Amino acid sequence: MTQPRRSFQVGTGLFILLGFAALAYLATQTTSVANYTEGDSYTLKAKFSNIGQLKQRAPVKLAGVRIGSVKSIALDPQSLEALVTIGIDTRFKDIPDDSGAAIFTSGLLGDQYVGVQPGGSPVAFKDGDEFILTQSSMQLEDLIGKFLVSGDTPKKPANAATPTTDDVEPAAKNP
Amino acid sequence: MNTPNPSASIESPGSTTDAYVQIRGLHTVLGDKVLFDGVDLDIPRGKITAIMGPSGTGKTTLLRHITGQLAADAGEIRVDDKDVPRLSRKQLFDLREGIGYLFQNSALLTDFSVFENVAFPLRQHLRLPEEIVRNIVLTRLQAVGLRGAAELMPAELSGGMARRVALARAMIRDPGLMIYDEPFVGLDPIALNQVLKLIRTLNDTLGITSILVAHEFAAVRRAADHVYLIAGGKVAAHGHPDELAERDSPWTRQFFGGEADGPVPFEYPARDYAVDLGFPAGAP
Amino acid sequence: MSGSRRHSMIGDALAQVGAAGLFLFAILAAMPKSVRHFRETLRQIWFVGAMSLVIIMTCGLFVGMVLSLQLYYTLAKFGGTAALGTVVALSLFRELGPVVTALLFAGRAGTSMTAEIGLMRATDQLSAMEMMAVDPLAYVVAPRFIAGIVAMPLLACVFNALGILGAHAVGVSWLGLDNGTFWGNMSSNVEVWSDLVNGVWKSAAFGAVIALIATFQGYTTPPTSEGVAYATTRTVVSSSIVVLALDFVMTAFLM
Ligand SMILES: Nc1ncnc2c1ncn2[C@@H]1O[C@H](COP(=O)(O)OP(=O)(O)OP(=O)(O)O)[C@@H](O)[C@H]1O
Ligand SMILES: [Mg+2]
């Protein structure tokens with residue numbers, strides 16, 4: 001008699017475990033928690049006159065490879081610019097200190113992310129440094145406005161409007 | 001109390017001490033049928049009292065009143081000196097812990113094996129070691145001759161077996177009051193004899209008060225100390241079974257003698273037979 | 001004639017809602033007593049939860065696969081296939097996971113609760129329990145109610161997980177979307193609390209509603225085979241309607 005009772009309890013326990021495992025899997029694989037689970041990082045700052053739709057925890061990429069994420073976004077009271085704090089994975093510690101930062105959009109409907117364009121300086125960024133060269137988010141309205149006024153195609157981050165679906169992530173999370 | 005018979009044992013509604021169950025002025029209407037129209041009844045302590053009556057008079061309903069499963073429209077019901085209609089749910093459950101009830105249709109829990117069915121009241125109310133539970137349950141199953149069927153499921157039992165399992169379950173906690181709603185239904189003569197003896201033994205050895213609803217007058221005559229005959233919403237007769245059997249009343253003659261015609265209607269109240277069959281009323 | 005019938009139908013429906021509300025209070029009142037029937041609660045979680053796993057997992061997988069296929073087709077028109085993972089995950093977590101799981105749960109577990117309790121009623125098992133001084137509300141109903149609340153969110157999580165895997169299989173393995181994009185885009189747009197956990201609350205609420213309707217229908221069914229059959233049907237119909245209506249209310253006001 002005790003046998004079937006016991007097996008019920010074990011089965012129920014397994015079921016509850018399975019449910020929580022599914023929840024944990026979803027939380028760690030598919031949500032922003034996945035981005036918290038980074039290793040050590042060092043901090044860089046960048047000021048932008050317009051960050052568009054950039055959000056906290058948005059990826060930071062170099063040559064399409066994810067190297068870190070946006071830690072916080074604040075308004076710099078003096079310059080009245082957006083002050084974006086970026087965490088870069090310590091694995092990528094040799095980024096030249098004259099590199100630039102720009103805000104891009106992945107795809108027409110995609111998210112905004114910070115793209116780092118490497119410079120040529122022999123000196124690398126240290127913790128707490130600030131990007132000198134920054135380029136703000138290109139707003140669709142601005143683009144259209146410029147296009148109507150000047151009559152010619154917008155110049156620099158035109159690639160922001162082309163789908164870049166071939167972004168590559170360093171750690172492909174899916175087993 | 002329309003039978004002025006001195007040998008009828010419980011006659012004086014005033015003395016309550018020796019009555020385990022006491023009912024006064026019971027009125028019940030179910031649907032549009034008047035089931036009880038002023039029933040007075042006493043179940044003496046430590047005795048076996050049989051309740052008899054034609055099918056559909058409300059014997060089961062009476063038992064449901066006694067155990068507080070169904071509220072009566074009017075009347076006083078006292079069980080073990082407790083006023084049943086006024087008990088809170090908690091008090092009612094406390095009272096029921098001292099009552100063993102054999103349902104007319106056995107009402108075994110279909111999810112559980114025979115063993116677990118019989119063990120159910122023990123497991124629910126007492127924290128007993130598994131070994132003791134096992135011993136008690138097997139003893140009771142042995143008493144109804146079904147120890148070998150302990151591991152069967154209720155669906156695998158015959159009707160008579162189910163009744164005996166239900167009986168074992170009803171008496172598992174040695175209640176102060178045992179209520180048997182037709183315990184002999186579906187039993188073969190051998191099992192009937194065994195169950196009859198069991199009911200008697202429980203009563204004689206443990207002093208359990210018993211209410212026995214049954215149709216088999218021969219069996220009732222062997223077991224019961226007292227018989228109530230209920231018909232037409234009233235107590236039609238009551239007394240010791242031997243004495244009732246000999247009493248020359250139309251009720252008893254019809255009921256115990258099995259005559260179809262008499263004061264107890266055999267038929268459920270209905271329209272005129274001829275009218276129902278489509279003949280004009282009054283036609284032959 | 002038809003006017004008065006409609007009138008009585010509305011009256012009946014209102015009476016049912018009122019009775020179900022009172023029933024809920026009775027269940028809540030019986031909760032403390034049902035703590036003693038912890039084992040029975042575990043057994044019910046097993047019955048309504050673990051026994052529904054197969055259907056939930058199968059449906060989750062297929063829903064995820066179809067969703068992936070359909071959304072890929074739509075997103076491709078805007079050059080936004082990179083957002084596939086995000087859109088699939090958000091639709092699943094916020095909406096489809098809880099709702100589809102609830103509808104399946106009503107059909108799989110709700111009906112069996114109703115039929116079981118209805119049969120217990122019809123065969124006097126509930127009365128027998130009362131006579132053994134065991135409160136059927138605490139022993140039969142409350143454990144099923146709790147099991148509904150516990151099992152539904154877990155099932156919805158399993159459904160979601162399988163849905164994501166199905167979407168990944170179609171989107172990445174079949175349609176050739178980049179693996180990193182699929183997961184990265186998803187994880188930077190899906191929030192744990194506002195998306196995933198909100199869906200979990202939702203499904204717990206659905207579980208409570210379904211278990212309430214199912215046990216209520218079973219408990220109050222006329223004790224006949226026809227009555228039980230009818231009550232089972234009503235469980236599916238009413239809980240589907242209530243789940244969808246509640247979904248709208250919760251989405252509109254709470255999320
Ligand atoms: N819930 C109910 N609603 C309306 N009428 C009922 C209800 N329950 C029982 N009755 C009626 O009450 C009467 C008595 O039923 P009850 O079961 O008490 O009879 P009984 O004396 O036990 O009969 P039997 O010997 O056949 O078991 C029957 O005529 C039945 O139709
Ligand atoms: Mg009866």
Side-chain angles (χ1 to χ4, degrees), chain A residues 4-37 55-61 64-66 69-70 105-113 161-175, chain C residues 39 41-47 49-53 60 75 78-89 92-93 97 147 150-151 153-165 168 172 177-193 195-197 199-200:
Chain A
R5 278 162 179 266
R6 188 66 37 83
S7 75
F8 264 127
Q9 292 171 16
V10 171
T12 308
L14 284 179
F15 166 69
I16 293 177
L17 265 179
L18 175 70
F20 276 104
L23 182 63
Y25 168 75
L26 293 175
T28 54
Q29 285 297 296
T30 70
T31 73
S32 44
V33 169
N35 301 346
Y36 288 127
T37 55
K55 285 179 301 190
Q56 230 182 323
R57 294 194 297 280
V60 176
K61 298 178 179 182
V65 178
R66 184 188 175 111
S69 65
V70 173
T105 309
S106 51
L108 191 59
L109 301 171
D111 298 318
Q112 296 201 297
Y113 65 94
T162 61
T164 55
T165 51
D166 54 348
D167 298 353
V168 180
E169 295 270 320
K173 293 186 192 71
N174 193 33
Chain C
R39 276 192 186 160
T41 308
L42 284 185
R43 210 169 71 99
Q44 289 305 325
I45 294 178
W46 167 260
F47 273 132
M51 300 301 234
S52 311
L53 265 181
L75 288 170
F78 303 99
T81 51
L84 183 69
T86 307
V87 183
V88 166
L92 275 177
F93 297 172
V150 172
L154 298 176
L155 289 173
C157 286
V158 172
F159 182 95
N160 285 340
L162 267 291
I164 294 288
L165 291 179
H168 179 266
V172 175
L177 219 63
D178 178 65
N179 188 43
T181 312
F182 184 85
W183 294 111
N185 227 310
M186 192 189 289
S187 61
S188 50
N189 284 289
V190 181
E191 298 295 329
V192 184
W193 294 106
D195 297 324
L196 185 61
V197 177
V200 172

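Chain naming here is simple, since letters A, B, ... match the order of the sequence lines and numbering starts at 1 in each. For clarity, every value in this text was computed on a predicted model and none was experimentally measured. Atoms considered below: every heavy atom in the structure, side chains included; atoms not considered: hydrogens, waters and symmetry mates.
Using a 4.5 Å cut-off between heavy atoms, C:F47 contacts chain A through its side chain alone, with no backbone atom that close. Neither the backbone nor the side chain of C:A156 has a heavy atom closer than 4.5 Å to any heavy atom of chain A. Residue contact with chain A, scored on non-hydrogen atoms closer than 4.5 Å, is absent for C:F159.
Put simply, CG on C:N185 and OH on A:Y113 are 11.0 Å apart, with the number rounded to the nearest 0.5 Å. Taken from CG in C:L196 to CG in A:L23, the straight-line distance is 5.5 Å, to the nearest 0.5 Å. Taking SG of C:C157 as the start and CZ of A:F20 as the end, the distance is 8.0 Å to the nearest 0.5 Å. In this structure, A:K55 NZ and C:E191 CD are separated by 7.0 Å, a value rounded to the nearest 0.5 Å.
Side-chain contact between A:I16 and C:L154: present, with at least one pair of heavy atoms (C-beta onward) separated by less than 4.5 Å. The shortest distance between side-chain heavy atoms of A:T30 and C:N160 does not fall below 4.5 Å. Between C:Q44 and A:T12, every side-chain heavy-atom pair lies at or beyond the 4.5 Å cut-off. When side chains are defined from C-beta on, C:I164 counts as touching A:L26, because their heavy atoms get closer than 4.5 Å.
Across all their heavy atoms, A:A22 and C:A161 have their closest contact at CB-CB, 4.1 Å.
Residue with the most contacts toward chain A among C:V200, C:V150, C:V158: C:V158 (heavy-atom pairs, distance under 4.5 Å).
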Next item on the list: Determine, step by step, whether A:V10 and C:W46 satisfy the side-chain contact (heavy atoms from CB on, under 4.5 Å) criterion, reporting the C-alpha distance in whole Å, the side-chain angles of both residues, the deciding distance to 0.1 Å, and the verdict.
Entry: CA-CA 9 Å; A:V10 171; C:W46 167 260; over 6 Å; no
